[in-house]
J.: 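I have a structure here, written as structure tokens, and I will follow up with some questions on it.
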Amino acid sequence: MAKLITVFGATVTTYPPVSGIQGGGVATALLEDQDFKVRAVTRNASSDKAKALQAIGAEVVTADLDDPSSLGPALQGAHGVFVVTNYWEYINKEREIKQGKAIADASKAAGVMHVVFSGLENVQKIAGVPCPHYDSKGQIEEYMTSIELPVTFVRYPGYYENYISAHKPQKQEDGTYILGVPMEGAALDYASAADMGPAVRAIFKNRAERLGRTVGFSADKLTIQQHAEILSKHLAPKVFKASDMTADAFAQLGFPGADSLGNMFKFFRLHNPDRSVEVTRQLHPAAKSFDTWVSENKEALLNALD
Ligand code: NAP
């Protein structure tokens, strides 16, 4: 019998995604496999995105991570749950931790057999600098472990899709574009977030092997200069360059979350946290390299540029 998986953050089915990118990839991948049924969670079941999920076969239910009483019904009868919390909606670490603990408690109470949580490292603990959007997820991981939840932690790398949304290349006066990712020459793990859906599906399929483990996703580890070269190759005559800004300077930019992002880039450069192209490809052999992804997404990338 098909196993029911409740999926948070699923409300996107079209590309380029503007919301629900992690859960959207997971829901889509699960729906392609007859071993699974999907119950997608949203705060607004009448949105077009929710309706689009219904149209491809998902059950859509209303629940809110901020409302613990809504979570039990969303988990009722579910074998598994994919959980992603969205720090960036409120830029509030304590709120995200509360959401994570609420879904952990509700999953335990509902007897869910397999939780896949999109976690990240507790950077404050490892590196001694605050990185609220990571530290919150690290603390949720610690809580889930402490209550002995049957859980697998997945850690997403930077999304290629960021170049269409959060980290669009910035046009300079000379007409070239700067990639504002301050890695100071070090390589950084990336993947198409949409591509990680099938990797999460493989984790649900191999519960016994993956329970209690942490999987750091990556489909390609390149320098930002290499990203710039690949973008310049596929989007010629446009020219892309890596920013020469330091992570410390980035942290001082002053927009909400800049300090957290700056410390995150520094953490990656200095601590090289575990993200594995090899393990990711075992889970999803077709996970795209950056070169392939850019070649397949030229139009979306060009449309995003000023
Ligand atoms: P997203 O595309 O912005 O989508 C957010 C999703 O979460 C929507 O489907 C939304 O559903 C749902 N959601 C938000 N608040 C909710 C709540 N209170 N209750 C129920 N559902 C809620 O988000 P994403 O990019 O997939 O995930 C965001 C997280 O990814 C962030 O915490 C970020 O730190 C992490 N992350 C990002 C990157 C990156 O490179 N960008 C890399 C690693 C990790 P409705 O609006 O339909 O309710």
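When a ligand or atom number is given, it counts from 1 through the structure's own listing order. This one's a predicted model, so the numbers in the text were calculated from it and none came from an experiment.
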J.: Taking atom CZ of R281 as the centre, report whether more than 12 heavy atoms of other residues, nucleotides or ligands fall under 6.0 Å from it.
T.: yes
J.: Can you list the atoms of ligand 1 that are under 4.0 Å from a heavy atom of G158?
T.: 40 (O)
J.: Between N272 and K221, is there a side-chain donor-acceptor contact under 3.5 Å, judged purely by atom types and distance?
T.: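 N272 and K221 do have a side-chain donor-acceptor pair below 3.5 Å.
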J.: Quick one: do F240 and H227 satisfy ring-ring contact (aromatic ring centres under 6.0 Å, His included)? Show the steps, please.
T.: CA-CA 8 Å; F240 297 81; H227 280 187; over 10 Å; no
J.: With atom 25 (O) of ligand 1 as the reference point, say which of F217, Y87, Y159 has the nearest heavy atom.
T.: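 Answer by nearest heavy atom: Y159.
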J.: Determine whether F250 and F265 satisfy the following criterion, ring-ring contact (aromatic ring centres under 6.0 Å, His included), listing intermediate values before the conclusion.
T.: CA-CA 9 Å; F250 187 100; F265 290 122; 5.5 Å; yes
J.: Is any N or O atom of I21, backbone or side chain, closer than 3.5 Å to an N or O atom of ligand 1?
T.: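 For ligand 1, there is an N or O atom that lies under 3.5 Å from one belonging to I21.
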J.: Which of the numbered atoms in ligand 1 are under 4.0 angstrom from any heavy atom belonging to E89?
T.: 14 (C), 15 (N)
J.: At the 4.0 Å heavy-atom cut-off, does K49 count as touching ligand 1?
T.: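 Not so, K49 does not reach ligand 1.
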J.: Which of the numbered atoms in ligand 1 are under 4.0 angstrom from any heavy atom belonging to Q22?
T.: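 Selected atoms, number and element: 26 (O), 30 (O), 35 (C), 36 (N), 44 (C).
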J.: Got more than 12 heavy atoms from elsewhere within 6.0 Å of CG, N303?
T.: yes
J.: Under 4.0 Å from a heavy atom of E96: which atoms of ligand 1 are those, numbered in the order shown and with their elements?
T.: 32 (O)
J.: Let's go through F117 and F8 carefully: what are the C-alpha distance in whole Å and the side-chain angles of both, what is the deciding distance for ring-ring contact (aromatic ring centres under 6.0 Å, His included) to 0.1 Å, and is it a yes or a no?
T.: CA-CA 10 Å; F117 173 61; F8 282 81; over 10 Å; no
J.: If we set the cut-off at 4.0 Å for heavy atoms, which region of V41 has an atom near ligand 1: side chain, backbone, both, or neither?
T.: neither
J.: Check for a donor-acceptor pair, side chain of S260 on one end and backbone N or O of H133 on the other, with a separation under 3.5 Å.
T.: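 Yes, the answer is positive, given that a donor and an acceptor are paired below the 3.5 Å cut-off.
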J.: Can you find a non-hydrogen atom of R155 under 4.0 Å from ligand 1?
T.: no
J.: Under a 4.0 angstrom heavy-atom cut-off, which atoms of ligand 1 come close to A10?
T.: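 Once the distances to A10 are compared, the set is 9 (O).
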J.: Identify, by atom number and element, the atoms of ligand 1 in contact range of W88, meaning under 4.0 Å from any of its heavy atoms.
T.: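 So the answer, numbered in order with elements, is 31 (C), 33 (C), 34 (O).
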J.: Pull out every atom of ligand 1 sitting under 4.0 Å from any heavy atom of Q99, numbered as shown with elements.
T.: 18 (N)
J.: Look at atom 6 (C) of ligand 1 and find which of A50, A193, G9, A45 reaches it with the closest heavy atom.
T.: G9
J.: Is there a heavy atom of K137 sitting under 4.0 angstrom from any atom of ligand 1?
T.: yes
J.: Are any of the N or O atoms of Y156 closer than 3.5 Å to those of ligand 1?
T.: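 No, there is no polar N/O contact under 3.5 Å.
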J.: Would you kindly say whether Y159 and Q22 are connected by a side-chain donor-acceptor distance under 3.5 Å?
T.: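 The answer is yes; a qualifying pair exists.
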J.: Does A29 offer a backbone N or O that forms a donor-acceptor pair with the side chain of R201 under 3.5 Å?
T.: yes
J.: Ignoring hydrogens and angles, tell me if any N or O in the side chain of N263 forms a donor-acceptor pair with the backbone of C131 under 3.5 Å.
T.: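 Judged by distance alone, no pair lies under 3.5 Å.
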J.: Looking only at atom types and distance, does a side-chain atom of N297 sit under 3.5 Å from a main-chain N or O of A300, one as donor and one as acceptor?
T.: no
J.: Of L261, T11, N162, which has the heavy atom at the shortest distance from atom 41 (N) of ligand 1?
T.: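 Heavy atom nearest to atom 41 (N) of ligand 1 belongs to N162.
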J.: Going by the atom numbers of ligand 1, which of them fall below 4.0 Å from some non-hydrogen atom of D64?
T.: 17 (C), 18 (N), 19 (N)
